[in-house]
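As structure tokens, the structure follows; a few thoughts come after it.
In what follows, chains are A, B, ... by sequence order, proteins preceding strands, each numbered from 1.
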Number of protein chains: 2
Amino acid sequence: MVLGKGQPNGTAQGDLGLFELPDRLGGQIGFVLNKVARQLHAMFTESLEPLGIKPQHYAVLVLLDASSPLSQQAIGQRLYIDRTTMVHIVDDLEKRGLAVRAKNTADRRKHAVSITEPARKVVAEAGRMADSVQEQYLAPLSQNERRQLLQLLKRLLRP
Amino acid sequence: MVLGKGQPNGTAQGDLGLFELPDRLGGQIGFVLNKVARQLHAMFTESLEPLGIKPQHYAVLVLLDASSPLSQQAIGQRLYIDRTTMVHIVDDLEKRGLAVRAKNTADRRKHAVSITEPARKVVAEAGRMADSVQEQYLAPLSQNERRQLLQLLKRLLRP
DNA sequence: ATGGTTGGTCAGTTATACTGAACATCACAC
DNA sequence: GTGTGATGTTCAGTATAACTGACCAACCAT
């Protein structure tokens, strides 16, 4: 998966030219996409460590912060997260006191997952870290280019 | 990591508007990046199955096709692949008769990893599949936008 | 000859994603 | 009222990719 640390060492920032990819790979958006995603993910993961959460936790909390409660299925659908992975994420959040699973009286199949008050502070803090990491990693691009990149990526995202 | 299948089901192509991300996430390039990378990776992985290789195998073979032999360390550095992961990848390729580890007489610490002749055919076929998958997934973007996306991503990639 | 570094391997751990099966629950047709 | 199909969630796994730390052989500079 696109995650983790692992930058090649022994090279200075900006030495990318020293390791040109062959055209066959350099022309593959998927390849570069994976590596970029992994680098950014690793930076974000590291920055969140003091808060005791991971990027996936943050994403779920952001959604719940915006609108609580939601079912696990609804969260998963909006965040492109697998149903079993969602079970684990909510397990973790419950364990950390950052979310609760309540009964959904209208449909007993579903949990009513809600954010807790302490979690709102965590989300705010993590949001600042997210912005900081993004600012740092996207430094090679202008603001306009960043908007452009995001817009292009969003247009690719399939349901 | 950014990999696997897992698209939410029950929604039609183009229904993205139905599941807008909150700004806090939608504005995070990392989040969208991960999801896009995973989708493209899943498509490519699936398309390669008939050839019995995976995207990482393909990447290594492409590099070796361009220049053989190379040490595992050299391959890893150019493809942003961890040294232990590289061991497994070359193990797999050897097992499939697609690469060989020979002795490096100049430096006995290093293997001289080379592509095999049969593997060149696999690389060619996989390359066509890579192009096809990329063509399909990038369909929402114009040719110019695709070049732009790739260029922006490459500028972000750190050593 | 020695110490530091490098290349590679091994034995793990971690994160994310996924499948299939199972069960409780819901909605709907009859 | 009943049966059937679908849904939401959980469980028990598997898979992929990445990673760390330790270890050993080999290389290089001193």
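Judged by distance alone, with hydrogens and angles left aside, A:T84 brings no side-chain donor or acceptor close enough to the base of D:dT9 to form a pair under 3.5 Å. With hydrogens and angles ignored, a donor-acceptor pair under 3.5 angstrom links the side chain of A:R83 to the base of D:dT10.
Remark: side-chain polar atoms of B:E135 are not paired, donor with acceptor, to backbone N or O of B:S132 under 3.5 angstrom. A donor-acceptor pair is defined here as one N or O able to donate and one able to accept, closer than 3.5 Å; no such pair exists between the side chain of B:R38 and the backbone of B:L33. The main-chain N or O of A:L61 is never found under 3.5 Å from a side-chain atom of A:D65 such that the two would form a donor-acceptor pair.
In this structure B:K103 satisfies the salt bridge (Lys or Arg N to Asp or Glu O under 4.0 Å) test with no other residue, sequence neighbours excluded. Take A:Y58 and apply the ring-ring contact (aromatic ring centres under 6.0 Å, His included) test, not counting sequence neighbours, and it matches A:F44. With sequence neighbours excluded, the residues forming a side chain to side chain contact (heavy atoms under 4.5 Å, CB included) with B:R109 are B:D107, listed by chain and number. Every residue two or more places apart in sequence or in another chain that forms a side chain to side chain contact (heavy atoms under 4.5 Å, CB included) with A:L150 is listed here: A:K154, B:I29, B:V32. In this structure, B:R108 has no side chain to side chain contact (heavy atoms under 4.5 Å, CB included) partners at least two apart in sequence or on a different chain.
Of the side-chain N and O atoms in B:Q77, none sit less than 4.0 angstrom from OP1 or OP2 of C:dG7. Between B:K110 and C:dT6 there is no side-chain N or O to OP1 or OP2 distance below 4.0 Å. Under 4.0 angstrom from either OP1 or OP2 of C:dA17 there lies at least one side-chain N or O belonging to B:K35. Between B:R38 and C:dA17, a side-chain N or O to OP1/OP2 separation shorter than 4.0 Å is present. At the phosphate of D:dA18, neither OP1 nor OP2 sits under 4.0 Å from any side-chain N or O atom of A:H41.
Whole-Å rounding puts the B:Q73 CD to C:dT5 C1' distance at 12 Å. The interatomic distance linking A:D107 (CG) with C:dT25 (P) rounds to 10 Å, in whole Å. D:dT9 atom C1' lies 6 Å from atom CD of A:Q72, rounded to whole Å. Atom CG in B:D82 sits about 16 Å away from atom P in C:dA15, given to the nearest Å. Residue B:Q39 contributes atom CD, which lies 13 Å from atom C1' of C:dA17 at whole-angstrom precision. The distance from atom CG of B:D92 to atom P of D:dA17 is 9 Å, rounded to the nearest whole Å. Per the geometry, CD1 belonging to B:I81 stands 9 Å off P belonging to D:dA17, to the nearest Å. Between the CD atom of A:E49 and the P atom of D:dT20 there is a distance of 12 Å, given to the nearest Å.
Nearest to the side chain of A:K54, among C:dT9, D:dA17, C:dA15, sits C:dA15. The side chain of A:P55 has C:dT16 as its nearest neighbour among C:dG8, D:dT20, C:dT16.
Note on A:T45: nothing from the nucleic acid sits closer than 4.0 angstrom, heavy atoms only. Note on B:H88: nothing from the nucleic acid sits closer than 4.0 angstrom, heavy atoms only.
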*Can you give one letter per nucleotide of nucleotides 1-6 of chain D, 5' to 3': B if a protein heavy atom sits under 4.0 Å from the base, S if only from the sugar-phosphate, - if neither?*
------

Only distances under 3.5 Å count here; give the side-chain donor-acceptor pairs of residues 110-117 of chain A to other protein atoms, sequence neighbours excluded, each with its distance to 0.1 Å.
| from | atom 1 | to | atom 2 | distance (Å) |
| --- | --- | --- | --- | --- |
| A:T116 | OG1 | A:G97 | O | 2.8 |
| A:T116 | OG1 | A:L98 | O | 3.3 |
| A:T116 | OG1 | A:A119 | N | 3.4 |
| A:E117 | OE2 | A:R120 | NE | 3.1 |

Under 3.5 Å, which donor-acceptor pairs link side chains of residues 122-131 of chain A to any protein atom two or more places apart or in another chain?
| from | atom 1 | to | atom 2 | distance (Å) |
| --- | --- | --- | --- | --- |
| A:E125 | OE1 | A:R128 | NE | 3.4 |
| A:E125 | OE1 | A:R128 | NH2 | 2.7 |
| A:D131 | OD1 | B:R24 | NH2 | 3.4 |
| A:D131 | OD1 | B:Q28 | NE2 | 3.2 |
| A:D131 | OD2 | B:R24 | NH2 | 3.0 |

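Residues from residues 97-106 of chain B that place a heavy atom under 4.0 Å from any atom of DNA chain C, listed by number: B:R101.
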